[in-house]
Amino acid sequence: MKNIFYTLLTLMFCASSHAQNNSSFDEKLANELGADDYGMKTYVFCILKTGKNTTASDLEKQKFFEGHMKNINKLASEKKLVVAGPFMKNERNYRGIFIFNCSTIEEAQELVNSDPAVKENLLEAELTPLYCSAALMKTNEIHNIISKIKL
């Protein structure tokens, strides 16, 4: 993960040394999305892993994961969650990701703690700052247009 970050950071600095003004720059949209001069902003990236709760019944798990999905939709509608999705089966016990529209780990921790599956230790969250395109802020809006079935 660190190697990817440092590679992206190096590429960004190399690109900035050859940067030119963008003729299609939309200042209004950039301001609306909270973009800096590079079209980027700070988010908090969250990896959800399998939690330590191994005693929950199937019925309890179902209830907590229904709450998990409701919480995702709530945070997305509030524009606090810009990306969420599950991982496919893997050996690392990674379950999914969140990208939070906030700039500090503390803010993101409060948001992730509102998740019933995290509260019940069915999921465990690992948080780290992420510097990424401010265009991610449009993900939910676009998703709502292209999805036939709502989750």
Notebook entry, point to check: Between atom CD of E110 and atom CD1 of I105, what is the distance when rounded to the nearest 0.5 Å?
Noted result: 12.5 Å
Item checked: More than 12 heavy atoms from other groups under 6.0 Å of CG on L59 -> no
Next item on the list: Locate the shortest heavy-atom distance separating A108 from V44; write the atom from each residue and the value.
Entry: CB-CG1, 3.5 Å
Checklist line | Sequence-distant partners of N93, side-chain contact (heavy atoms from CB on, under 4.5 Å), two or more places apart | finding: T50
Item checked: D115 side chain to F65 backbone, donor-acceptor under 3.5 Å -> no
Notebook entry, point to check: Hey, what do you get for CE (M137) to SG (C132), rounding to the nearest 0.5 Å?
Noted result: 12.0 Å
Next item on the list: Quick one: closest heavy-atom pair of A30 and F25, and the distance?
Entry: CB-CE1, 3.7 Å
Checklist line | Heavy-atom check, side chain of L130 versus side chain of I99, under 4.5 Å | finding: yes
Check: Say you draw a straight line from CD of E141 to CD1 of I146; how long is it, rounded to the nearest 0.5 Å?
Finding: 11.5 Å
Check: Would you say F98 and I72 make side-chain contact, with heavy atoms under 4.5 Å?
Finding: yes
Next item on the list: Check whether any side-chain heavy atom of P116 lies under 4.5 Å from a side-chain heavy atom of N71, and answer yes or no.
Entry: yes
Notebook entry, point to check: Is K138 salt-bridged to E32, going by a charged N under 4.0 Å from an acidic O?
Noted result: yes
Next item on the list: Report yes if some heavy atom in the side chain of C46 is under 4.5 Å from a heavy atom in the side chain of I97; otherwise report no.
Entry: no
Notebook entry, point to check: Under a 4.5 Å cut-off applied to non-hydrogen side-chain atoms, are N31 and L29 in contact?
Noted result: no
Margin query: One pair to check against side-chain hydrogen bond (donor to acceptor under 3.5 Å, both in side chains): Y38 and N22. What are the steps and the verdict?
Written below: CA-CA 10 Å; Y38 299 101; N22 178 0; over 6 Å; no
Margin query: If I take atom CG from residue L33 and atom CE from residue M40, how far apart are they, to the nearest 0.5 angstrom?
Written below: 13.5 Å
Next item on the list: Could you tell me whether the side chain of K74 reaches within less than 4.5 Å of the side chain of K80, counting heavy atoms only?
Entry: no
Item checked: Neighbour count >12 (heavy atoms, 6.0 Å) for atom CG, D37 -> no
Next item on the list: Begin with the C-alpha distance, continue with both residues' side-chain angles, and end with the deciding distance and a verdict on side-chain hydrogen bond (donor to acceptor under 3.5 Å, both in side chains) for K150 and N73.
Entry: CA-CA 10 Å; K150 297 275 187 191; N73 289 320; over 6 Å; no
Checklist line | D58 vs Q62 side-chain heavy atoms within contact, under 4.5 Å | finding: no
Next item on the list: Evaluate the side chain to side chain contact (heavy atoms under 4.5 Å, CB included) criterion for residues L127 and F100: first the C-alpha distance (whole Å), next the side-chain angles of each, then the deciding distance (0.1 Å), finally the verdict.
Entry: CA-CA 10 Å; L127 303 168; F100 291 109; 4.3 Å; yes
Margin query: Tell me whether K89 forms a cation-pi arrangement with F87, defined as NZ or CZ under 6.0 Å from the six-membered ring centre and within 45 degrees of its axis.
Written below: no
Check: Is the backbone of G51 close enough, under 3.5 Å, to the side chain of N121 for a donor and an acceptor to pair up by distance?
Finding: no
Next item on the list: Any chance you could measure L123, atom CG, to K49, atom NZ, to the nearest 0.5 Å?
Entry: 11.5 Å
Margin query: Nearest 0.5 angstrom please: E78 CD to N101 CG, how far?
Written below: 11.5 Å
Item checked: Heavy-atom closest pair, residues A84 and L81 -> CB-CD2, 3.9 Å
Check: Taking all atoms of both residues into account, what is the closest heavy-atom pair of N53 and A56, and its distance?
Finding: OD1-N, 3.1 Å
Note to self: Which heavy atom of N113 sits nearest to which heavy atom of K119, and what is that distance?
What the structure shows: O-CE, 3.0 Å
Next item on the list: Look at the side chain of E60 and the backbone N and O of S57, then say whether any donor-acceptor pair between them is shorter than 3.5 Å.
Entry: yes
Checklist line | Taking every non-hydrogen atom, the tightest pair across M88 and N90 | finding: O-ND2, 2.9 Å
Check: Got L48 and H68 here, is their nearest side-chain heavy-atom distance under 4.5 Å?
Finding: yes
